[in-house]
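So the structure is just underneath, and the comments pick up after that.
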Amino acid sequence: MENQSNASEKNSKGGSREWSELLNSTFLPPFSLKGWLFFLAGLVPALIAGWVIFPMVLYSSQEQPFNFSHVIHADPDIGIGGDTELETCLYCHYFRDDGTFAGIPDLYACTMCHDDPEYPMGDSEDEMIFLEQYVAEDKEVPWLVYSRQPDCVYFSHIAHVKMGEMDCTTCHGDFGQSEKPPAYKQNRLSGYSIDIWGRNIAGFKTDTWDRMKMSDCAECHTEMGHEENNACFVCHK
Amino acid sequence: MEITRRNFIQLLAGGAAGIHITPVPWKMMDDIAIWTQNWPWVPVPERGRFDHERSVCSLCPGGCGIEVRKVADRAVKIEGREDFPVNNGGICPLGAGGLQLLYDETIRFTSPMKRVGPRGEGRFLPVSWSEAVGTLAERIQALRKDNRPEALAAVDGSRPGTASEGLVKRLLQAVGSPNCYSMPSIQNTYQTANLLMQGNAGPMAYDIENADFVLSFGCALIEGWGAPARVIGAWGRWREDSKAKGPKVVQVESRASNTASKSDAWIAARPGTEAALALGMAHVMISENLVDRSFLFNYTHGYEDWIDEEERPRKGFKTMVLESYSPDKVAGITGVAADRIIALAREFGKAGAPLALYGKGKGNLNGSLLECMAVQALNALKGGVNTPGGAVVQQGLPLAPWPDVETDPVARQGLYGGRLGTAGDSRLPFAESSIENMVEAVMQGGGASPVDTLLVFGANPVFTLPDGGAFRKALTRIPLIVSFSPYRDETAAMADLILPDHTALEKREEIVWPTGLQYPFLGLSKPVVRPVYDTRHMGDTVIAVAKKVGGPVADAFPWRRFEDALKARLKGLAEARGLTSWDGSKPVWKTFAEGRPVSPDYDSFDDLWKKLDSGGFWYEPTHDFHDLSTCFGTPSGKFEFACGRLEQAVKEAARGGDAKTLLHRMGIEARGDDAYMPHYETVLSADAGGDTLVLVPYEMFNHSTDWLPNPPFLTKTIFDNQLRRDESFAEVNPETAAGHHLKEGDRILIQSDAGEVKVRVHLFEGAMPGHIYLPLGFGHTAYGVYQKDKGVNAAKLVAGKKDPLTGRTVWWATSVRVKKT
Amino acid sequence: MDSALFPEGVKRCSPKVFLLWTLPWLALLAWGGLSAFLCLWKGLNQTNMSNIFAFALWIVFDLAVIALGAGAFFTGFLTYVIGRKELKSIINAAVIIGFICYSGAVAMLGIDIGQPIRGWFIFWHANVHSMLTEVSFCITCYLAVLAIEYIPIVLENRQVQKVRELRLFGHNLHHVMGVFAATGTFLSFFHQGSLGGMFGVMYARPFAERWDFYVWPTTFFLFVFSAIAAGPCFTILCSKLAEAVSRKKLVPDNAVQFLAKVSGWLLSGYIVLKILDTLVWADTTVPSAGLELMDFYREGPYGIWMLIAEIGIFGIIPAILLMVPKARQNPGLLIIACLMNCTGIVLNRFVFVIATLAIPVMPFARFWSYLPTWQEWGIAMAMLGYGFLLFSASYRYLPVFPREKELNPAVYGA
Amino acid sequence: MSAKQGKHKYGMVINLDKCTGCGTCTVACAAENNLSVIKDETDKQRTISWMQLFKVTNGKPFPDTEVSYFPRPCMHCHYHTPCVSVCPPTATEIDYNTGIVSQIYTRCIGCRYCQAACPYQARYFNWWDGHFPKGTERYLSPEVSVRMRGVVEKCSFCHHRLMRAKTQAYAEGRRELKDGEYITACTEACPAGAIAFGDLNDPNSEVAGLSKHPHAFRLLERLGTEPKVYYISSKDWVRRMADNYRPDEFQPL
């Protein structure tokens with residue numbers, strides 16, 4: 001009995017010393033070179049996996065049904081002209097009488113100009129695809145919407161564009177100048193577009209249109225002195 | 001080199017350190033947070049342009065204006081119209097839940113169908129329209145070939161006076177069958193009462209808004225009677241503030257219904273004794289001289305004793321009432337204290353513009369003719385006939401008649417001899433048609449059923465007829481049953497062929513004169529959404545069938561489509577002086593009372609049609625109250641207390657023989673002159689009383705009780721002491737319950753001569769002692785999960801007397817036995 | 001055959017017997033597993049919980065086991081912070097029981113919430129004003145602490161000891177145990193309290209509402225108090241049960257007696273406060289809500305008996321039994337006293353959860369009764385099975401009772 | 001301390017003298033807000049009905065019995081909102097600029113603490129996956145997101161209708177709403193016009209006036225939750241039903 005307890009006493013005292021040695025030699029410098037190597041052997045692949053492979057895996061990429069050039073359509077000589085850039089945008093992406101926003105124009109809106117499937121207005125084959133497969137078939141174009149928010153989100157364009165006098169670019173960037181719509185990248189986990197879910201994998205934000213998440217809305221509301229608009233129901237439904 | 005455990009740890013440490021300075025953990029955390037919020041199987045409603053369609057609700061005869069909110073051609077909400085004179089913004093539960101009747105595929109027929117498997121099971125296979133129409137047409141041709149066109153019968157739930165009803169009648173007439181049966185509704189009762197006392201076939205038109213004392217005999221005023229949104233709207237105005245004085249409202253009913261409770265006073269008379277109560281009041285008013293003598297003297301017949309053309313002295317209404325309806329006697333009959341009757345009579349008699357309304361619940365089922373007449377007699381006593389705030393005498397809508405049907409010999413013979421049962425014959429001169437009698441005829445004898453082919457339009461008699469299940473039995477003997485119902489209802493389940501109609505929001509439908517409305521009104525619904533399934537307007541189908549049958553039958557339908565037939569009728573309105581819009585500035589009942597003529601806001605029929613199509617209604621906001629000398633179409637040309645037409649009919653039927661036995665067969669026990677005047681006939685069979693209870697089925701406003709399925713949303717408003725899971729509750733007065741040793745929630749068996757049901761007990765002080773109350777509309781055996789097998793159908797228990805003269809079922813009082821289980 | 005895993009030189013029953021012993025508990029676990037699957041797969045419609053009984057059997061169970069599990073932190077507190085050496089002989093048992101109670105409770109909560117995969121939002125989007133947030137934080141942290149306290153016991157397994165690093169690791173954990181004991185005490189104090197607070201702050205539920213003392217409603221302190229009063233008794237009961245089953249003496253009497261005495265005094269203190277609290281509540285909160293005390297005790301089965309039983313029968317009596325040395329030294333009375341004490345606390349939690357929700361506040365709202373489904377019972381019973389299994393296994397393979405050998409000379413020889 | 005004062009304070013006044021107990025408000029609410037339907041809607045412990053109808057009787061024997069109704073939306077308690085303070089993941093919140101108590105379904109974890117804390121039984125838990133029989137998903141409105149199983153929901157004063165009204169106003173170049181531009185679905189549907197809705201802060205609004213009616217009262221006023229739903233009844237027995245009173249505490253008018 002006696003010696004037993006003594007033994008354990010000593011053991012544990014000695015134990016503590018050994019223990020600290022063990023810890024030091026494993027985790028504290030100076031490391032042996034071999035130690036370093038092993039450390040790096042773990043570190044480097046991890047970094048590659050995290051910064052290079054992960055982003056590729058996380059997002060799927062899809063192309064639009066056919067090419068659409070904002071440049072051509074927004075060219076006053078060929079397509080739509082407006083006194084201001086905003087007016088040009090609003091020509092197709094218009095507000096309805098009840099103030100709701102039409103978003104991506106439906107087939108009906110397009111056929112205002114592209115009224116006859118037989119007679120294309122330009123000479124691009126994409127227009128032919130559009131006329132043959134959609135106008136002729138009277139079928140809506142299944143556009144992939146870059147800035148589609150989740151269903152639980154309510155967003156009022158008129159409140160921002162008309163009352164808030166914001167530019168389209170603030171959130172949508174320079175889509176208006178695009179020759180070709182970029183690929184639609186969807187986050188495999190959250191299911192949302194990279195354009196609202198953060199272009200930068202690390203979550204850094206250089207331009208206002210890099211991201212359209214709740215925090216971004218709130219941030220802007222606050223900056224503009226509209227904290228009151230950070231109440232849940234203002235943007236949720 | 002040898003790898004130590006330590007090196008391994010270092011490797012892991014490196015990896016761990018590394019991954020944490022990449023976005024992986026942080027980005028993942030963020031994305032997973034969102035991932036947990038996505039539930040793939042939760043529907044995400046499609047976005048799109050918001051839109052509105054203005055139309056009229058045709059789910060009930062109420063004629064409410066509705067605005068249907070649409071998103072990208074989907075109807076997402078039904079709301080009331082502010083610019084509509086009848087409901088002025090309001091709507092009812094059924095209307096608000098209407099979309100569930102449009103889109104729920106599980107309760108609808110998605111195309112024409114042919115039955116497979118046994119009747120009642122409801123298993124069908126789709127067939128093409130041409131095949132379906134062909135099958136029916138050939139059958140009809142065959143019947144006509146063997147000279148028995150009368151073997152074609154129809155049960156029609158279309159509302160009286162609509163083009164739909166007209167087309168069905170027309171089809172049968174052209175084919176040669178007199179056996180067209182309309183579903184019972186309070187309208188029949190009103191029209192017959194009007195015919196007998198006022199001599200016109202117009203609807204009952206009550207100027208409620210302008211009355212200063214409203215005495216309702218059983219109308220569920222705020223629970224769906226008449227044009228619900230109209231009455232409830234008025235009710236709301238009356239209760240605006242204790243300062244704003246509405247009329248005093250008194251409800252006569254045996255149960256503390258919402259109407260009874262919310263009224264200013266509640267008179268609890270035994271169900272079926274309302275006539276006696278009215279006559280008891282008459283006794284007081286007459287003896288205390290609280291009557292409008294000049295009206296009675298100038299414009300009524302049979303009030304005072306009179307001498308007929310054979311110089312015989314006849315008893316007048318006054319004498320009859322004074323002899324037989326003293327307050328004390330009436331108190332004995334009704335269970336209402338004599339002094340209460342006297343007080344009520346005095347109030348009614350002293351009021352400036354009192355109005356006595358007659359009804360039974362919502363009015364989906366028939367009422368009692370004699371009761372209706374007795375109540376109308378009260379109005380007459382006060383001169384409240386064709387006056388502002390009274391019962392207005394109206395002649396019906398000025399619709400253009402269709403060309404007469406050219407019948408061929410086959411048809412003529414069928415029409416002459418082929419009448420089934422005895423409706424309209426000597427026994428029931430005033431029952432234009434009686435399903436009860438058709439059922440009787442079909443069940444009679446062991447031979448083949450006299451009905452070979454039965455068409456069912458917009459009705460579900462198997463469920464709604466309060467006949468203790470007799471109709472269903474009759475169906476089993478009918479070789480071919482064709483249902484036009486859009487819904488998988490009980491009757492359709494018995495059918496062999498389904499020619500599905502559109503539902504309300506998909507079709508054109510008229511609302512001809514909302515029940516009880518004081519001014520001429522026609523509502524016209526329009527399709528607010530494209531038909532969701534492969535269905536067809538029942539009118540179009542009827543025309544198609546007729547065309548297919550060919551010959552004179554086809555010729556009877558000189559129209560391509562239902563809409564042409566409809567327009568042909570509506571042309572009549574173009575001639576009349578009505579309006580098709582309402583600016584909302586002044587309620588119609590005000591302009592109506594002022595009686596100023598208006599100039600129509602349309603100049604041609606096309607103009608009218610355009611406006612009807614967009615606005616959805618036509619009305620005449622004015623009325624001539626001064627034509628009392630001309631407005632009555634009775635033999636005497638006056639308002640008749642002693643009904644000449646009735647006496648005439650009985651005389652003819654008796655053919656000089658003894659009227660007594662005939663009257664007895666008509667269900668009238670009263671003797672002598674009383675028989676031809678509004679009087680009281682007892683409704684309960686002799687075995688009532690003792691330890692039996694009187695079963696009173698009641699209709700609910702917040703639950704569909706007629707042929708339409710109940711939208712599940714409405715069940716949210718049902719209390720769990722009316723229905724709990726699958727069990728119905730019967731309301732019993734605590735005192736009565738104690739007598740039968742029943743506690744709240746007990747399971748009991750209710751037995752009548754017709755059948756028995758298992759329900760649970762709910763103790764309710766507002767239930768009349770000795771009576772037991774069961775809600776109607778439950779106990780479906782068809783439709784979808786939300787309607788099927790929920791509770792029991794009170795109609796299946798109804799058994800007992802028939803209403804005198806009309807032969808309709810007395811569904812408001814059946815004596816039953818109650819057993820605890 | 002598994003004897004190599006047994007602690008140094010102790011006797012344990014044969015694997016066959018041990019297996020037989022575990023069977024019933026495994027059965028309970030299976031039942032619970034099925035229930036859990038149904039609840040997670042089909043949703044909480046598998047239970048009889050409702051919009052009226054938003055909290056039900058599971059929450060009662062959680063509150064109860066967390067209260068009873070308080071023995072762990074309190075004994076730890078007495079052992080390491082106060083430094084009562086005699087308790088070293090029972091601290092291991094206390095820790096394991098605590099670990100069982102808390103891990104079980106957390107598992108149950110995971111099934112109880114409607115959106116288990118979002119459970120962590122409590123931390124992700126924490127609302128600091130919510131007592132439940134506080135509870136979740138402290139319980140999770142404390143569960144970690146318990147795990148840390150449990151590890152060294154595991155590491156003391158004979159085979160594990162052979163691995164140098166682990167052995168050393170275990171030893172060193174022992175040295176810092178005091179710190180964790182202190183941390184545990186701190187955390188437990190708060191979540192035990194917050195659990196009480198959860199109900200005390202429902203100020204629109206007069207039956208539960210209590211007046212605030214500083215930022216906390218009195219229930220905050222009462223729950224802490226009652227927990228530390230009942231916890232040790234539960235520890236005693238468990239070790240006594242272990243002794244009965246193993247037919248060995250495992251804990252020296254001085255330890256048990258000390259815990260019992262402490263429980264007794266704490267319980268008596270608690271009861272006094274509880275009575276005061278009830279009086280104040282009945283005199284202020286209740287009338288201000290337009291009610292009278294008896295209004296709460298006339299619905300269905302929830303009569304005034306609850307109050308009498310909770311305070312009188314299962315409060316005062318065990319308090320006295322535990323305080324009087326003669327009484328608590330009598331083995332039979334000691335067990336009875338501990339049982340009653342625990343029952344009283346469980347009853348208290350039951351009343352706060354079920355009765356609070358069952359009694360309608362709106363005059364026209366009606367009273368509903370509630371009976372759990374077999375799925376609900378399944379989860380609850382699995383908790384029991386899990387406890388027995390883990391404790392039995394620990395006893396079999398770990399030196400839970402360090403003084404087992406010296407206390408059983410008959411078995412192990414002097 | 002008293003509740004924070006915001007710009008608007010939307011509230012409701014329900015006149016029980018006008019109310020006929022027809023249930024149109026309940027149905028209109030269900031249709032407007034994409035409420036799901038369970039097989040046994042009469043299982044009142046588990047059905048969801050943001051605007052729930054409660055039936056009361058005066059308890060007098062036949063034939064003096066009277067029934068009346070309490071349509072009960074969420075009270076949107078303005079002071080110390082019981083459900084808001086207890087929600088662990090901040091899934092519900094009161095916005096003092098509208099006075100509306102929100103519920104964010106994608107945030108809710110379904111712990112149901114809010115249900116326990118609410119004395120009005122105004123909060124409903126989704127015990128089942130929302131069930132929409134074949135075809136009926138077509139009547140769902142995109143203005144209200146459909147709830148998943150396992151979360152709590154409640155009356156939102158038809159908040160999306162506020163947004164709708166604002167959007168309309170913006171389209172017309174107005175920032176402020178006129179009284180009556182924003183009303184809830186139940187208000188709009190009631191055939192008796194028994195429900196009034198508007199901004200209690202606006203002294204000229206209909207509700208502001210009605211809420212000061214001598215017969216106006218609120219449910220469980222004594223608990224101090226400051227509900228923004230008022231009721232009006234000229235009947236003492238009905239008014240007495242709205243709160244708890246000890247013997248002879250209640251003052252008839």
For a quick test of reading the model, state the closest non-hydrogen atom pair linking D:Pro71 to D:Cys25 and the distance between them.
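Answer, listing the atom of D:Pro71 first, then D:Cys25: CB-SG, 4.2 Å.
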Residues that A:Tyr91 engages under ring pair (Phe, Tyr, Trp, His ring centres under 6.0 Å), provided they are two or more places apart
none
Any donor-acceptor N/O pair, A:Asp75 side chain to A:Val71 backbone, under 3.5 Å:
no
side-chain hydrogen bond (donor to acceptor under 3.5 Å, both in side chains) partners for A:His70, two or more places apart:
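Residues passing side-chain hydrogen bond (donor to acceptor under 3.5 Å, both in side chains) with A:His70: A:Ser178.
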Go through the structure and list residues passing side-chain hydrogen bond (donor to acceptor under 3.5 Å, both in side chains) with A:Ser193, not counting sequence neighbours.
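side-chain hydrogen bond (donor to acceptor under 3.5 Å, both in side chains) check on A:Ser193 returns A:Asp195.
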Of the backbone (N, CA, C, O) and the side chain (C-beta and beyond), which part of D:Ile94 lies under 4.5 Å from a heavy atom of chain A, both, or neither?
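For D:Ile94, neither part sits under 4.5 Å from chain A.
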Verify side chain to side chain contact (heavy atoms under 4.5 Å, CB included) between A:Leu86 and A:Asp167, making sure each step is shown before the conclusion.
CA-CA 7 Å; A:Leu86 181 62; A:Asp167 295 332; over 6 Å; no
Compile the donor-acceptor pairs, distance criterion under 3.5 Å only, formed between chain A and chain D.
{"unit_1": "A:Tyr154", "atom_1": "OH", "unit_2": "D:Thr167", "atom_2": "OG1", "d": "3.1"}
{"unit_1": "A:Lys162", "atom_1": "NZ", "unit_2": "D:Tyr170", "atom_2": "O", "d": "2.9"}
{"unit_1": "A:Lys162", "atom_1": "NZ", "unit_2": "D:Ala171", "atom_2": "O", "d": "3.0"}
{"unit_1": "A:Met163", "atom_1": "O", "unit_2": "D:Arg175", "atom_2": "NH2", "d": "2.9"}
{"unit_1": "A:Cys232", "atom_1": "N", "unit_2": "D:Glu93", "atom_2": "OE1", "d": "2.9"}
{"unit_1": "A:Lys237", "atom_1": "O", "unit_2": "D:Ser145", "atom_2": "OG", "d": "2.7"}
{"unit_1": "A:Lys237", "atom_1": "NZ", "unit_2": "D:Pro142", "atom_2": "O", "d": "2.5"}

